[in-house]
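Contents: one structure, followed by commentary.
Small disclaimer: the values here were computed from a predicted structure and weren't measured.
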Amino acid sequence: MPKEYRTIQEVAGPLMLVQGVEGVTYDEMGEIELANGEIRRCKVLEINGSDALVQLYESATGINLSNSKVRFLGRALELGVSADMLGRVFDGMGHPIDNGPEILPDERRDINGLPMNPAARDYPNEFIQTGVSAIDGLNTLVRGQKLPIFSASGLPHAQLGAQIARQAKVRGSDESFAVVFAAMGITFEESNFFINSFKETGAIDRTVLFINLANDPAVERIATPRMALTAAEYLAFEQDMHVLVILTDITNYADALREVSAARKEVPGRRGYPGYLYTDLATLYERAGRQKGRKGSITMIPILTMPEGDKTHPIPDLTGYITEGQVILSRELYSKGITPPIDVLPSLSRLKDKGIGEGKTRADHSNTMNQLFAAYSRGKEAKELMVILGEAALSDIDLIYAKFADAFEKEYVSQGYTTNRDIEETLEIGWKLLSILPRSELKRIDDKYLDLYYGKQ
């Protein structure tokens, strides 16, 4: 039976100081029993001699210093995992909120996970089809990759995240595929949008949702992505599933980290975020990947809103260092009515070359991808010149490129949030657009592919 302490000295915001403790360790879970028998949870943040500084998971109201007692449980926060989690909705602490029964766990796992041994990692090299042309065709997602979406406030990242969660699949295999979706600090309306979106399309059957609302405690927000990743690790490495983890919104997570850090009076780093923000984000992102000798894998799409749309803000900046590329949403495209408004030129998937080509997508994929990038870039330059100098100043070929850029945005990038394109359809649209340009301009494509596909749409 855990020893009980009645030595609470003070409560300040989400923190509480307990004196005279023995054998208590960092990150250990504790329970506070109030005078009326109510139980609240806490976690040890710091041990100094026999003093323990603990962080409360629920509010501090009603904790009476003299007649509340604390007991430490000798373990970190755990999640009970089982294959029955699929199709269920949980709160940020892993409790069911869909009116279904409690999960009967196969095992209980520490939500902090175990770091993956770098030598046991397998290289990501298999294509995942999201059904979104701007990702599949140009910034391909590969199984085991971490590919964040950089958005800004007011842009439709929620719709894009839900679309990828509904549509994503590993091609050409009957292997089981699951989605673990964790939402942090979102509004009740957004939460309803996600749940209904998955229910309407039947995607809920292969999805596990963890939802932490904006009015839930900030401390819970820090646990939510770890709960989701623990569920994902179980499904991937024990149940041999391919798991896509979508975390939204990492900015809310980092703000919760800053809030707790400020309460602890830690020395702030850039923009008030704690100095360990990089390390903390890495403990989340690095749980994605593939392991040698195991069938399953975890692929991750973290979504974050860049404050003021600033790429140099600490959250997108550090995320960019840890992950393999980024998909950037553009306000300019959004105002033009392009959906999803993915800005393909600054977006990048560093592993795209590993997941495309013969036997994975199609042999002409790499050539057409490079040509589309080059042509769209030149078309955008031509359009900017047109704005400054007027249409008359452009050469005939520049006018064709400007026309190509408009068609590319309208037909290739803009597909709405309900269209699910397979990779062949995406490649066909690419060829149809490239056929706008004279064949002599397509210098990045092998003649054998031009003979096969140019002008045939």
Side-chain angles (χ1 to χ4, degrees), residues 123-149 157 159-181 197-198 201-207 232 235-236 240-246 288-290 295-303 323-327 339-340 342 344 347-369 372-373 411-433 453:
Y123 204 86
N125 62 4
E126 288 169 71
F127 171 64
I128 287 187
Q129 179 176 291
T130 64
V132 179
S133 291
I135 296 176
D136 292 350
L138 301 172
N139 293 294
T140 315
L141 179 66
V142 182
R143 188 160 77 80
Q145 182 179 7
K146 310 176 281 291
L147 184 65
I149 293 174
H157 46 268
Q159 286 90 324
L160 179 60
Q163 180 179 17
I164 293 171
R166 290 193 311 266
Q167 296 179 176
K169 64 175 187 177
V170 177
R171 276 169 55 92
S173 66
D174 52 356
E175 296 176 41
S176 38
F177 188 84
V179 176
V180 175
F181 195 98
S197 163
F198 294 148
T201 54
I204 187 91
D205 295 338
R206 58 163 198 178
T207 306
L235 293 172
D240 292 339
M241 300 180 92
H242 300 309
V243 184
L244 175 65
V245 178
I246 298 180
R290 299 173 60 199
K295 269 182 161 179
S297 62
I298 297 177
T299 308
M300 191 186 294
I301 299 183
I303 300 175
T323 54
E324 292 112 11
Q326 68 278 331
V327 172
T339 54
I342 294 174
V344 297
S347 295
L348 166 73
S349 166
R350 294 196 183 103
L351 298 178
K352 64 186 172 199
D353 298 333
K354 304 289 179 284
I356 62 176
E358 190 76 59
K360 292 176 182 175
T361 52
R362 206 166 77 182
D364 59 315
H365 191 156
S366 181
N367 281 197
T368 53
M369 173 174 74
L372 283 167
F373 269 124
E411 294 178 38
Y412 194 95
V413 180
S414 190
Q415 63 176 78
Y417 300 112
T418 52
T419 309
N420 186 359
R421 292 178 182 163
D422 62 29
I423 188 63
E424 288 75 19
E425 190 182 344
T426 290
L427 291 170
E428 289 308 315
I429 295 169
W431 275 108
K432 179 182 157 203
L433 292 167
Y453 301 110

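At least one side-chain heavy atom of E411 sits under 4.5 Å from a side-chain heavy atom of K432. Using a 4.5 Å heavy-atom threshold, the side chains of M369 and D353 count as touching. Side-chain contact between V142 and I128: absent, with no pair of heavy atoms (C-beta onward) separated by less than 4.5 Å. Counting only heavy atoms from C-beta outward, the side chains of T299 and V245 never approach each other to under 4.5 Å. Looking at heavy atoms from C-beta onward, L235 lies in side-chain contact with V180 at the 4.5 angstrom threshold. For the pair L141 and F127, the minimum side-chain heavy-atom distance is 4.5 Å or more. Under the 4.5 Å side-chain criterion, counting only non-hydrogen atoms from C-beta, F177 is not in contact with V243. Between L147 and E324, the closest side-chain pair of non-hydrogen atoms is not below 4.5 Å.
No side-chain donor from either of Q415 and T339 sits under 3.5 Å from a side-chain acceptor of the other. Side chains of S347 and N139: a donor-acceptor N/O pair is absent below 3.5 angstrom, by distance only. In this model, no donor atom of one side chain and acceptor atom of the other lie less than 3.5 Å apart for N125 and R143. Between the side chains of R421 and T426, no donor N or O sits under 3.5 Å from an acceptor N or O.
For the pair R206 and F198, the cation-pi test (distance below 6.0 Å, angle within 45°) is failed.
Under the salt bridge (charged side-chain N to carboxylate O under 4.0 Å, His left out) rule, R362 has a single partner from E424, E425, E428, which is E428.
In terms of modelled atom types and a separation under 3.5 Å, the side chain of Q326 and the main chain of P148 share no donor-acceptor contact. Between the side chain of Q129 and the backbone N or O of I423 there is at least one donor-acceptor pair closer than 3.5 Å. Checked by atom type and distance alone, the side chain of H365 pairs as donor or acceptor with a backbone atom of G137 at under 3.5 Å. No donor-acceptor pair closer than 3.5 Å links the side chain of K295 to the backbone N or O of A236. Put simply, the side chain of S349 never gets that close to the backbone of G325: no donor and acceptor are under 3.5 Å apart. Looking only at distances, a side-chain donor or acceptor of Q163 sits under 3.5 Å from a matching main-chain atom of T419.
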Requested in this report: Take I429 and L427 through the side-chain contact (heavy atoms from CB on, under 4.5 Å) test and state the conclusion after the steps.
Outcome: CA-CA 5 Å; I429 295 169; L427 291 170; over 6 Å; no
Report task. Output, in order, the C-alpha distance, side-chain angles, deciding distance and verdict of side-chain contact (heavy atoms from CB on, under 4.5 Å) for L372 and Y412. Result -> CA-CA 10 Å; L372 283 167; Y412 194 95; 4.0 Å; yes
Report task. Start with the C-alpha gap between I164 and I135, add the side-chain angles, then the distance that decides, and say whether side-chain contact (heavy atoms from CB on, under 4.5 Å) holds. Result -> CA-CA 10 Å; I164 293 171; I135 296 176; 3.7 Å; yes
Report task. Would you please test L351 and Y123 for side-chain contact (heavy atoms from CB on, under 4.5 Å) and show each step? Result -> CA-CA 10 Å; L351 298 178; Y123 204 86; 3.6 Å; yes
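Note that OG1 of T361 and CG of D422 are 11.5 Å apart. Values are rounded to the nearest 0.5 Å. Here the CZ-CG distance, from F373 to L138, works out to 4.5 Å after rounding to the nearest 0.5 Å. Between the OG1 atom of T368 and the CG atom of L433 there is a distance of 11.0 Å, given to the nearest 0.5 Å. Residue Q145 holds its CD atom at 10.5 Å from NZ of K354, rounded to the nearest 0.5 Å. I149 contributes atom CD1, which lies 5.5 Å from atom CD1 of I301 (distance to the nearest 0.5 angstrom).
Nearest approach of G144 to R290, heavy atoms of both residues: CA-CG, 4.1 Å. Counting all heavy atoms, side chain and backbone alike, S297 lies closest to H242 at OG-ND1, 3.2 Å. In plain terms, the two heavy atoms of V132 and P340 that are nearest each other are CG1-CG, 4.1 Å. The heavy-atom pair separating A134 from V344 by the smallest distance is CB-CG1, 3.9 Å. R166 and Y417 make their closest contact through NH2-O, 2.6 Å (heavy atoms, listed as atom of the first residue, atom of the second, distance).
We find that E126 and R171 are not joined by a salt bridge, their nearest charged nitrogen and carboxylate oxygen being 4.0 Å or further apart.
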